[in-house]
Structures are given as C-alpha cells and as structure tokens.
Amino acid sequence: MFYRQAAIRHTSYDQTKKLYPIPFDKWLVVAVLLVALLAPFAMSGLYLNSYLLPWVIWSTAALSLNLLMGYAGQIHLGYAAVMAIGAYSSVHAMRLGAPFEFALILGGATAMIIGVGFGFTALRVKGLYLAISTLAVQYLVDWVLTHVPAIGGGTQATLQTPTPALLGFEITTDIGRYYLALGWCAVVTIFMLNVKRTGLGRALIAVREKDYAASVLGVNSYYYKLIAFAVSSFFGGVTGAILAFTFFGAVTPEQYSIDISIQILAMVVVGGLGSVLGSFFGAGFILLAPLFLNNMVTGLAEAYDFGVSRSVISHIPLILYGGLIMLFLLFEPLGLAKIYDNIRKYFLVWPFGFSRR
Amino acid sequence: MFKKQLLVLMSTVLLTFAGNVIAAKEPIKFGLTLDYTKAYVFATPSFGQAIEDYVKYVNMKGGIDGHPIELLNSDHGNEPQRGIEAYERKKREGAIAFEHLSTPVSKAVLPKAMNDKVVMMQMLTGRADAADGEVFPYIFPVSPTYWAMAANIIQYIADNVKDIKKAKVAFTYLDYPFGQEPIPIYKALSEELGFELKLFPISLPGTDQSGVWSNIRRFKPDYVISWSFAQLHNIAMTEMKRNRIPVDKYISVIWISKNDLKSYGFEKAKGVKRVEGVVTGTDSPIVQDILKTLYDAGKGSGPRENVGLLYYMAAFTEMVTVVEGMRLGLEKYGAPLTSEKLKMGLESLKDFDAKGLMAPITITPADHQGGGKTRIAEWDGSEWVPQSDWNAAYSDLVWRVIKEHSAKYKSGQ
C-alpha cells in the first residue's frame, strides 16, 4: 500500500541499478532532505546548534568511517585522530592565509597522507592486531598536539578558527554554518550511496569478505586497502575541519580524544556496518540519546523528589543508555539500520503480510 | 455572620497570596553543569554538594535581598559537545553565571560565554591567563591561578633551603595541559633565582610512576613539586617510600585532600605539604552554621563527612564569592540581575575573604585573580597545619606570563 510496486518493471540494467527503484523510497529521501533544509527556520538556536548541527557532522564522520569499516572491513580505533589532523592542518593553513576551500582540501589531504601511512600496517596485520596499531595513531596524534607548540599552540592554547568564507561569502550565522555542514554531509552521503555500485565499491566488499579470495579473483587487495584508508581519511580530515569551523569554533586536543574515536566506532556498529542510513541512526543514537535521557531524568528528578543524591541521578541516564544499546543489539545484531529495514520489509507487502510466509 | 467569615477567609487567602508574591522576587539562576559520571568523579560530588548547601543556606536566610538563588543542574560527562548543549540550554533558561568544573568543557564553552557575555566562574581551575580581565572580561578565576601557586611554592622553598642558588627542585607532573601549565613559571624562576630545575613528566593515566621516581632519586632534589591529583598522590608517596625519599620533601598542588591520604595512611603521610588557596576543616563560623542549620536538621545535600574537605571547601568558597558578587551587583545596579551586573558586582569585590575562608581578594576590571595569595600547609597526621601566612610571591613575573599568554589568546591562539 505504501510502497506501491505495481507497474515497476525493469527493462534494462541501468534501471535495475537505480538507487531507489520504488518511488516511495525516493520521495521519502526528498522529504527528509526538505526537512533538513527547512529545519533551521523552524527550530530555535538551542536545537539547531546543539542537536541538529552536531548530528549532521557526527553522521558525516560515521559515514566516512563506515567506508573503511563497513565496506572495506578494516577496523580503525583512532578515527578522531584522523579528524584532528584534518582540523589542525586546515586551521593552520587558513591562519597562514589560505582560502577556506583550499584549507579544507589541504586538511583532508594531510589526513589522507598520514592516514595512508598508518594504513600500510593494514597490509600486514588484520583484525584485533590492526585495531591496536590504529589505536597508536590516536596516541601519537594526542602526544604531538600536547607537546609540539608549533602544531598544538602550547599547553593551554585554544586555537580559534578563522571565519570560514565560501567562494568569497563569509559564513557568520548559525544557519550558514549548518548549511556548510549539511552540504559536506550531502557530498559524503552521495558518494557513499553510489560507491557500492562502482567497481571500487565491489572491490572493497570483496576485500572485506576475504582478502585472498579477492586476490584470486584478480582484485589487488593491498591496493584497495590503501585506497579505502586514503578515501576514508580524506573524508575524516575534512569532517574534522568542518567540526572545528562550524561547531566548536576552535580546536583543542580534547575535541578529538580517544573517547570520540570510540563513540564514532560505536555509531558505526550500533547503526549498522556498511549501511549509509545506519550511520545517521547510529550518530543520532550515540550522540543524542545521552542528551535526551539526561534531560529527561533531570526533569523527572526535579518534578518528583527521588530522595537520592545528584550523583546517583546523573548515573541513571548512563544505565538506561547502556541498556538501550544492549537491547538494540540483542533485538537486531545488524544494527539500527536493519531494524528500519525490517519495518520497511513489513510494510512493503502490508496488508498482505501472509503472502511472505 | 457567614458573610463576615467568608470575607475574613478571603482576605487571609488574598493576603497570603500577595505576601508570597512579595517574598518571592524573581530568582537568580546559576548554571551548575558538572561532570558527575566520568573523569572528575573524585571531586564533583562534594563540589556540587557544597554549592547546593550554600544556596540552600542563603535561600533559607531570605535569599539575596529577597531574590532566591536557583541552581540549574546538569551532568555533562566531561564531553565538550554535551557541555555546549548544557550551556546553551541553561542559558536559555536564564542562567546568568556558570560553573563547569571540567577542562574540556570550559575550553569549549569559553569562546561562547565570551561572545554571549555570560559570567563563567573558574575558581582554582581553568586557564591561568583568564586572570587578565581586560582580555577575558567574563571569566572569573577570583582565586590564585596555578601560576601564582607555582611561584608561591618556590618562595616557600627559597625560605626553607640554605641557599636557593644551590637548591635542586624536581617538578613532577601529569603530562597533559593541567600538569604542563606551570612549567613557564618554574623555568623563569629557575633562571632568575639560580636553582636547578628538572622536569619529570608522568604519562597518563599516571598509575605507573616507578620509572619517574627512580630518576628523581638519582637527581637528589631538595624538594619535589607535584602537579597531580587525588589517588595519584598515593602512588607517588608509595614510590617515594620505595626510593627512600622522605615524604616531607613532597609539595603538592592544591588538589590533595584528607580523603586522598586515607589509603596511604594518615600517620605515614606526616610531613606532606600542599599549597592552599582556601581554608579547609569545619572550624570556621560559617561552616559551623551550615552544619547546624542544614545537617543537624537533616537538610544537607550529601554526606556530612564531606563538609570541610578540600573539594567541598573550594566550591563553597566560590559560591560565597559569587553570592557576594550578586549582592553587590543588585545593590549597586538594581534588579533584575544580569550577567553584566554580576560581572560589575564581582569586579567591585574589595578585600573580600569569603567569611574567613580564603586570603582577602580585590577584583578589578583588569585583575580577575584578586591578589593570588596562597599558603603552604603541612599534614601533621590528622590536620593540615599552615606553615606560612597568606602570601603572593613574584607577582610581577606571574603577571608578565599572564599578559604574554592572554595576548596570545587575543591574537587568536
């Protein structure tokens, strides 16, 4: 009923390769895009700046990591460090006089070069061993940021970001910054949606499933692993820069700490490995659920006196949050995207669900 | 008859209602967004407890000129993005001043608070160059900065060694911004006074310090200055014992509390020194009054044992200072109290000693530190005993470094 499939016939390969063969899906995406575009005019600064904007940015980060983890199957525990490299290089580039667009690309490129450097370890080690060697990226970058004044700015420094300017227009408003982040998010999303349909995407997936099986098929797994690290690091670097320019307005080492790496990893896993939609769900859940739960519990505690200390009250959201993650993963180990998929599949044939049994 | 009764009843109702309206002037809102769940849990519960206690106390006494204080509580879990959310939310709810007690959150919120002209309190924490009120008009350390503490420790050492020129000072610190912060002061003073300084960084999380302390033993220092906190002091003292360095050579930054010594042993820790910015213990009249009016009546905001401990007293002193700033702001510029009026109120604090809880401070628009006086106290097995008077040493040098750093911030770093 919702997903009308009547009269949809594929008569050519191009038609079968369409991203959204069912019109309902296509219109849903258009609707979400419209909502995202109009949202800043409908919501207050609080929700725009501290909910929607970080959600968009963190989703982009999760998408970029998903290319590496979900598509190419290479685990990365130091993704925040990659973002930090991008952020710091672009901020420094802009302070030295580079235009914003160039600084962004330069940030991405620096992150790409360093990211690929560490990607070489992926050629030798796999799985948990790779996880540990990528963890080293995090610690090395953290150390450099706090110990090299030329990069980090000194012990107590907060390197403020210059005002970004796109094609000569300075971006100074909240809405402008949101659109900047949304624009970059759209670029990465479109890339991620389409990469699966290209030779590169298929090669990455082949490498993920079994790298020497891929080699037997003529896919150079070394080459494609490095490509995955390069592209993912480039996206990560630019996202890190966008995060600094649009959300924090400054760069400090704490913004790219190991905690953030783990959070982005959790977004990818909870959302669904290799799923574009899942990255958005995962980022929304990992980033926003603590905020909502915290406000909810604090609100309840103020309305009804629980008779326990504030320290205990502050831990209740953590318990609920942990419980929710476990529930979701028990209910559907493939992540939030799979839950959506199940619901969609149910409605695909609704109200004739019996026909599937 | 009945009519008359009704009239009396109605007028009483009306009067009580009107009375309430008069008594409850609009509240002054203070944003208390702390880290109850992650990195600062060693301090936050007693820190928050102190602020809640004092606010209750002030409200019980009728508030500030009839205005009650309202705390807007929230947990930010030491995460910058959550801190920003909490700040934006509380600001919308009308908070005119904030305390975050978290370096990552303070750093993330600072540019926003400066932009929004919202007062941010940073007593005994936060960036030291915020003492420069001309560059940081809305940031208030209102207490000795880490740099002032560092200079005062060197003064104490200079007073207690035979010849400062031949003295050897070891500085051991957690190797991240909190620990690295006082290094420029020590380096400058070492050049000026001629003592030998050696740095001993401890890598995070600081639970393994064995390598560091055997190096310190080889250096044979006269004093060891330590920039770490809470349980890490126990590890340091255990290592000192192992390396046969007497524990009375240990001078800690303020963050060492009676509770922190418990696991090492109160007797064994005899002789440990710390720099103090606030008076601890329950002897002062105001703390006695808090114990009497709140805790004896069962209205305390947490366990009674916390009262008087360092983290409690630091927060308590801060709140006493803030309330005084609010009072001055209201008195001079009238209701409703805004961030700007609170700022001006705080800047008119003169010789204010928070009811005997700290060295008198005088805040001006240019100086948000207020004197930078601290003292050295020694642990005698049951109490911290002051070894010197409140004192601010090498202020010129400290201010030179403050100006250098604030100028750097101004230029965008």
Side-chain angles (χ1 to χ4, degrees), chain A residues 44-51 53-55 57-58 91 95 139 142-143 145-147 149 152-162 243 247-260 263 287-288 290-292 294-295 297-298 301-302 309-318, chain B residues 32 34-39 41 44-45 48-49 52 72-82 84-89 91-92 102-105 107-108 110-112 115 126-130 146 175-184 201 203-204 301-303 405 408-409 411-413:
Chain A
S44 66
L46 169 70
Y47 286 94
L48 179 64
N49 285 333
S50 39
Y51 288 79
L53 177 64
W55 186 16
I57 303 172
W58 259 273
V91 168
R95 293 167 80 91
Y139 284 103
D142 276 357
W143 192 90
L145 293 184
T146 48
H147 288 79
T155 47
Q156 287 296 311
T158 312
L159 282 171
Q160 292 148 64
T161 53
L243 178 66
F247 184 60
F248 284 119
V251 279
T252 63
E254 295 92 357
Q255 291 162 7
Y256 304 98
S257 66
I258 176 85
D259 296 1
I260 307 294
Q263 277 181 358
L287 189 74
L288 304 181
L291 297 178
F292 282 119
N294 201 25
N295 288 326
V297 172
T298 316
E302 264 155 31
S309 76
R310 193 155 300 283
S311 171
V312 176
I313 291 171
S314 302
H315 281 85
I316 298 172
L318 284 183
Chain B
L32 188 62
L34 304 176
D35 167 20
Y36 283 99
T37 47
K38 299 261 169 69
V41 279
T44 311
Q49 180 186 345
E52 285 181 34
L72 304 177
N73 283 292
S74 167
D75 169 46
H76 58 54
N78 201 29
E79 289 175 26
Q81 79 277 10
R82 284 181 61 185
I84 287 177
E85 189 267 349
Y87 163 79
E88 297 277 356
R89 179 174 291 273
K91 194 186 78 193
R92 250 164 61 110
S102 150
T103 308
V105 171
K107 272 185 168 181
L110 189 131
K112 293 182 193 296
N115 206 15
R127 57 187 303 153
D129 54 358
Y146 285 122
D175 199 7
Y176 77 118
F178 158 72
Q180 295 159 350
E181 194 173 357
I183 293 175
S203 51
L204 287 173
S301 317
H405 279 74
K408 232 173 126 189
Y409 179 85
S411 74
Q413 289 190 20

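Every heavy atom of this structure was used, including side-chain atoms; hydrogens, water molecules and symmetry mates were not.
For A:Thr298, the part lying under 4.5 angstrom from a heavy atom of chain B is the side chain only. Looking at B:Arg89, both its backbone and its side chain come within 4.5 Å of chain A, counting heavy atoms on both sides. With a 4.5 Å cut-off on non-hydrogen atoms, B:Asp129 does not touch chain A at all. If you measure heavy-atom distances from B:Lys91 to chain A, you find no contacts under 4.5 Å at all. Contact of B:Gln49 with chain A is not made at all, since no heavy-atom distance falls under 4.5 Å. Only the side chain of A:Tyr51 comes within contact range of chain B, judged by heavy atoms closer than 4.5 Å.
Of all the listed residues (A:Asn295, A:Thr252, A:Leu287), the one sharing the greatest number of non-hydrogen pairs under 4.5 Å with chain B is A:Asn295. Among B:Thr44, B:Leu34, B:Thr37, the residue making the largest number of heavy-atom pairs under 4.5 Å with chain A is B:Thr37. With chain B as the partner, the residue from A:Leu291, A:Val312, A:Asp142, A:Val91 showing the most heavy-atom pairs under 4.5 Å is A:Leu291. Of the residues considered (B:Glu52, B:Arg82, B:Glu88), B:Arg82 shows the highest number of contacts with chain A, using heavy-atom pairs under 4.5 Å.
Contact check for B:Pro111 versus A:Gln160: no side-chain heavy atoms found under the 4.5 Å cut-off. When side chains are defined from C-beta on, B:Arg92 counts as touching A:Ser44, because their heavy atoms get closer than 4.5 Å. The side-chain heavy atoms of A:Gln255 and B:Lys107, taken from C-beta on, include no pair separated by under 4.5 Å. A:His147 places a side-chain heavy atom less than 4.5 Å from the side chain of B:Asp175. B:Ile84 places a side-chain heavy atom less than 4.5 Å from the side chain of A:Phe248.
For B:Glu79, the side chain to side chain donor-acceptor pair (under 3.5 Å) criterion is met by A:Gln263, B:Lys38, B:Gln81, not counting sequence neighbours.
Under a 3.5 Å cut-off, the side chain of A:Asn294 and the backbone N or O of B:Ser74 do not form any donor-acceptor pair.
With values rounded to the nearest 0.5 angstrom, A:Leu318 atom CG is found 7.0 Å from B:Asp75 atom CG. Interatomic distance, B:Thr103 OG1 to A:Glu254 CD, rounded to the nearest 0.5 Å: 7.0 Å.
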